[in-house]
Amino acid sequence: MKIAILSRQKSLYSTQRLNEAGTERGHEMHVIDYLRCYMNITAHKPKVIYQEEALEGYDAIIPRIGASKTFYGTAVVRQFEVMGVFSANESQAISRSRDKLRCLQILSQKGIGLPVTGFAHSSKDIDGLIKSVGGAPLVIKLLEGTQGIGVVLTETYQAAKSVIEAFRGLDANILVQEFIKEAGGMDIRCFVIGDRIVASMKRQGAPGEFRSNIHRGGNASKIKLTPEERSTAVRAAKAMGLRVAGVDLLRSNHGPVVMEVNSTPGLEGIESATGVDVAGKIIEFLEKNAGPGKNRDRIKY
Ligand code: ADP
């Protein structure tokens, strides 16, 4: 197969691993900087142009779109889709997953376990909002945050109220969430491909830190999932319309709850914590599933 990895840099760990895994399995691999692709959208002849040449004859693409480049990145993925090229993740599913609120709304509609979560616009509604999620302690999250930045734990009602007021005063959109204390600063990353979990790891936050992000000093190791956790992660990826996803769960005393579904999950942490060849499994999935007319997003939201 001829496969394009849409990525800013060949040297990034995940890009490099996918490139190697595809080459090892006998495929023609190309790394394409999606920000340097431009498009021709003439009727009947959609094209993606890169370094002054039209990209043609691809069987599949693997999008690795950075969070801050979602708009242009998904436009390039969509252009490949209109050309009939199979994408490991479709443009609509990537856009959907990038919005934390939209993600939670879709998961709740499917009855997937979530932390009790609230969202409001007006600071006049703060008291009601805090009550609706069961009062302090609470976790307050910036909708646009990543890597744990903008995720705050407030122990008291007054602290919660002040933080929400401060964020709203800056016009930042936030989620207010029940604090899952029993998770003990640990979360679980499930790597889903198709309808299977190919690898899973736990991330434990640094001592005294409730956030488990590796960027915040957490460390990762292999973990065995319960059947309920497995089915929650697979259902969450499916609900978002993602074929390749990193689903983050917390172990709560009301079962597994999903925090986030990531459409461009990194390979470095999961491969080194588990020893699984995740890149190879993504290529294998494309071998089994890619083909003309196989893109088919059916999620309504
Ligand atoms: P980001 O996308 O910035 O990583 P997350 O929503 O994943 O933000 O939160 C970062 C970390 O904070 C999580 O990995 C988890 O360890 C912790 N955390 C987030 N929400 C909660 C919560 N409601 N209860 C307990 N811990 C949480």
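Atoms within a ligand are numbered from 1 in the order they appear, just like the ligands themselves. Start at 1 with the first residue, then count along the sequence.
Given atom 27 (C) of ligand 1, the protein heavy atom at minimum distance is L250 CD1, 3.9 Å. Ranking the protein heavy atoms by distance from atom 20 (N) of ligand 1 puts K141 NZ, 3.0 Å first. For atom 1 (P) of ligand 1, the nearest non-hydrogen atom of the protein is G148 N, 3.5 Å.
Comparing R189, M259, R211, R216 against atom 19 (C) of ligand 1, the shortest heavy-atom distance belongs to M259.
Both the backbone and the side chain of I180 come within contact range of ligand 1, each with a heavy atom under 4.0 Å.
Between K161 and D127 there is a salt bridge, since a side-chain N of the basic residue sits under 4.0 Å from a carboxylate O of the acidic one.
Hydrophobic side-chain contacts under 4.5 Å tie I283 into a cluster, directly or through other members, with M1, I3, I5, Y13, L18, M29, V31, I62, F86, F191, I193, V198, M201, V244, L267, I270, V276, V278, I282, F285, L286.
Remark: distances from the non-hydrogen atoms of N213 to ligand 1 include one below 4.0 Å. Contact between K100 and ligand 1 is present, with at least one heavy atom of the residue lying under 4.0 Å from the ligand.
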task = List the steps and the verdict of side-chain contact (heavy atoms from CB on, under 4.5 Å) for E155 and L153.
result = CA-CA 6 Å; E155 306 271 3; L153 170 62; 3.9 Å; yes
request  = Would you sort out whether V247 and V258 count as a side-chain contact (heavy atoms from CB on, under 4.5 Å), showing the intermediate values?
outcome  = CA-CA 7 Å; V247 180; V258 175; 4.1 Å; yes
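With sequence neighbours excluded, the residues satisfying side chain to side chain donor-acceptor pair (under 3.5 Å) with S11 are Q9.
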